[in-house]
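First up is the structure itself, then whatever we jot down about it.
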Amino acid sequence: MDKQQPPPANPQGTPTQPATPNANAGGAGTSATTSAPLDVLILAAGLGTRMHSRTAKVLHQLGGRPLIAHVCHTAAALVKEGRPVHIVVGHQAEEVKAAVEQELGAGGAIFITQTEQRGTGDAVMAARDALADANSTLLVLSGDVPLMHHETLGALVHQHRTHRGRGAACSVLTVKLEDPTGYGRIVRDTDGRFERIVEQRDATPEERQIKEINAGIYCFETRSLFGALARVQPANAQGEYYLTDVPAILRADGEDVSVFTHTDAREVSGINTRVELAEFERLLRLRTLRRLMLDSGVTIIDPAHTYVSAEAQIGHDTIIYPGVHIEGRTQIGEGCEIRSGTRISNSRIGSGVRVKDHSVIVDSDVADNCSVGPFAHLRMNAQLEEQSAVGNFVEVKKSRLGRKAKAMHLTYLGDADIGARTNIGAGTVTCNYDGVNKNPTVIAEDVKIGSDTMLVAPVTVGARSMTGAGSVVTRDVAPDTLVAGVPATVKKDLRAAAAAPTAGANAPERTEEETTKAVTSDG
Ligand code: UD1
Ligand code: CA
């Protein structure tokens, strides 16, 4: 908080707001001095030269989401519900807009195009038509500062609105850095009051010694902002219009500028290089893992080598082994075991599930007490019902495995619907693609598919039937039928065989051919 200019008791004598107001800082009544609503303006038009990338900086991913999405998420927590966030776009505007809409939904943002990137002041100026007449408090954020807590920004807005009992024209968020290189420095006067911001490239050697820096996060009274912004000149080393000149202009006009000194430098720092991006990735990851361990009761054997998205949910007593990646909005239940080398993305895993080493589960659903892997691949809405199992080198695409069904070895199941308790032998393939269309395979419950069966879709295998090893099934198989051969032909009616008086001890022996072909792998 601003040590030099402590806000006096508010004139109405009503209790001052807590330093951390509710999330809806723009809501009516959060300020003692102004009831103007809160607008947020995010600057995101720059390319980010220091990234050395063809991709605009704010589109680079942190924790699996673009930087701009993190900032939008924080901004949305601050504005009154239904009030759009303003975003200045320029470089790769269409892609940035798409990323914003993905986060805020259509209509959640108003986009302002800055055609030429002539500095942060010019970027804000681009929003003049959209904002200048708004009787609002404007919070200005950068699209490349992704880890801010909305509580911190809420406290900044609160200080801005209550400064000296009447509110400031501008409030600047600052932090002290051991190494302030590259940042704008906060120059204070002999009384310790804010004087101006000087950019690294324009600073004297003495000014470069200043460790207090401008985080690039500001609060303005919208109307006074645009009045001062019109007077900013590009008279600096970069020939740009600096937003950082505005506070000094306002101060020269006799307006109050307040300084909000934050203690957590990391939280409010921007990303300028890929080294910083990697560092932030680590921070975000450890923040998420700590929360999972402390609040959710998840065992993480080696946090240094575990990657869990901030949006994932994991139940207690689940154990995550080293080298696991859990991405997107994945949900994992209680008491699961997720072994090394596994990647789970945007999927739902029930409780008591064992995912063995090196499995990949994408956009899929695994119910309670299933077993997956090692080396299994589930994708495109694969659905494993309770207690089903897929094992070594099994790929399941857009298919359902019924309760207790199993496919344990070397199998491809695509566009298949597999009934309860059915066993799929090793090496089985659903031949689902005829070169033009994807065709379905339906295998009913209690079926035994022999090893190395090719199921040429579209095809249906009825309940309780069997296919011999190496069968190529080109036609539908009725229930209770054993088929074998290439292509598979009917060998016998299993029900009739079981009911025959000769069944049991006196049953005729199978021919050698039948015995080989009927062997299935039981997993
Ligand atoms: C800026 C501040 C600096 C501060 C630092 C904190 C200025 C002049 N300097 O420097 O005092 O310490 O942030 O991180 O403001 N942008 C546009 N259009 C433009 C230029 C920039 O939209 O024409 C956007 C960028 O996409 C970015 C943000 O504004 O999101 C900040 O721009 P950047 O170039 O990163 O400013 P810094 O040099 O970091
Ligand atoms: Ca920056």
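We count ligands from 1, going down the list as the structure has it; atoms in each ligand are counted the same way.
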- Within 6.0 angstrom of E195 CD, more than 12 heavy atoms from elsewhere: yes

- Message: With the threshold set at under 4.0 angstrom, would you say I213 reaches ligand 1 through any of its heavy atoms?
- Response: no

- Item | D415 side, atom CG; N432 side, atom CG - distance, nearest 0.5 Å | 4.5 Å

Please set out all donor-acceptor pairs under 3.5 angstrom arising from side-chain atoms of residues 243-252, sequence neighbours excluded.
residue: T244; atom: OG1; partner: E199; partner atom: OE2; Å: 3.4
residue: R251; atom: NE; partner: F194; partner atom: O; Å: 2.6
residue: R251; atom: NH2; partner: D189; partner atom: OD2; Å: 3.1

- Region of Q114 that comes within reach of ligand 1 [heavy atoms, distance under 4.0 Å]: side chain

- Heteroatom proximity flag, T244 to ligand 1, N/O under 3.5 Å: no

- Would V362 and N346 satisfy side chain to side chain contact (heavy atoms under 4.5 Å, CB included), going step by step from the backbone distance to the final call? CA-CA 6 Å; V362 180; N346 290 310; over 6 Å; no

- Message: S136 and side chain to side chain contact (heavy atoms under 4.5 Å, CB included): which single residue from E221, R223, R83 fits?
- Response: R83

- Item | Numbering as shown, the atoms of ligand 1 that approach A44 to under 4.0 Å (heavy-atom distance) | 22 (O), 26 (O)

- Query: Quick one: which of K57, R185, H91, R50 has a heavy atom closest to atom 38 (O) of ligand 1?
  - Reply: R50

- Query: Does D122 come within less than 4.0 angstrom of ligand 1, counting non-hydrogen atoms of the residue?
  - Reply: no

- Show which atoms of ligand 1 fall inside a sub-4.0 Å distance from at least one heavy-atom site of G184. 3 (C), 4 (C), 11 (O), 12 (O)

- Query: Going by the order shown, which atoms of ligand 1 are within less than 4.0 Å of some heavy atom of T120?
  - Reply: 7 (C), 8 (C), 15 (O), 20 (C), 21 (C), 29 (O), 31 (C), 32 (O)

- Item | Atoms of ligand 1, numbered as shown, that sit under 4.0 Å from any heavy atom of A123 | 17 (C), 18 (N), 22 (O)

- Of I197, L67, N214, the one whose closest heavy atom lies nearest atom 6 (C) of ligand 1 is N214

- Message: Quick check for you: to the nearest 0.5 Å, what is the distance between H70 atom NE2 and Q61 atom CD?
- Response: 8.0 Å

- Given L173, T74, L147, the one that forms side chain to side chain contact (heavy atoms under 4.5 Å, CB included) with T152: L173

- Message: Within ligand 1, which atoms have a heavy atom of G143 less than 4.0 Å away?
- Response: 30 (O)

- Message: Can you confirm whether the side chains of Q159 and S258 place a donor and an acceptor under 3.5 Å from each other?
- Response: yes

- Query: To which of G90, A56, A215, S142 does the heavy atom nearest atom 28 (C) of ligand 1 belong?
  - Reply: S142

- Query: Which ligand 1 atoms, with their elements, are less than 4.0 angstrom from a heavy-atom of E199?
  - Reply: 2 (C), 3 (C), 7 (C), 8 (C), 9 (N), 11 (O)

Side-chain donor-acceptor contacts of residues 348-355 below 3.5 Å, not counting sequence neighbours, with atom names and distances?
residue: R348; atom: NE; partner: D365; partner atom: OD2; Å: 3.2
residue: R348; atom: NH2; partner: D365; partner atom: OD1; Å: 3.2
residue: S351; atom: OG; partner: E334; partner atom: N; Å: 2.9

- Message: If I apply the N/O under 3.5 Å rule, does L43 come out as touching ligand 1?
- Response: yes

- Which segment of A45 sits under 4.0 Å of ligand 1 when only heavy atoms are counted: both

- Message: Applying a heavy-atom cut-off of 4.0 Å, say which part of S269 lies close to ligand 1: side chain, backbone, both or neither.
- Response: neither

- Query: Does the side chain to side chain contact (heavy atoms under 4.5 Å, CB included) test come out yes or no for N272 and K57, once each step is laid out?
  - Reply: CA-CA 8 Å; N272 291 312; K57 177 164 66 179; 3.1 Å; yes

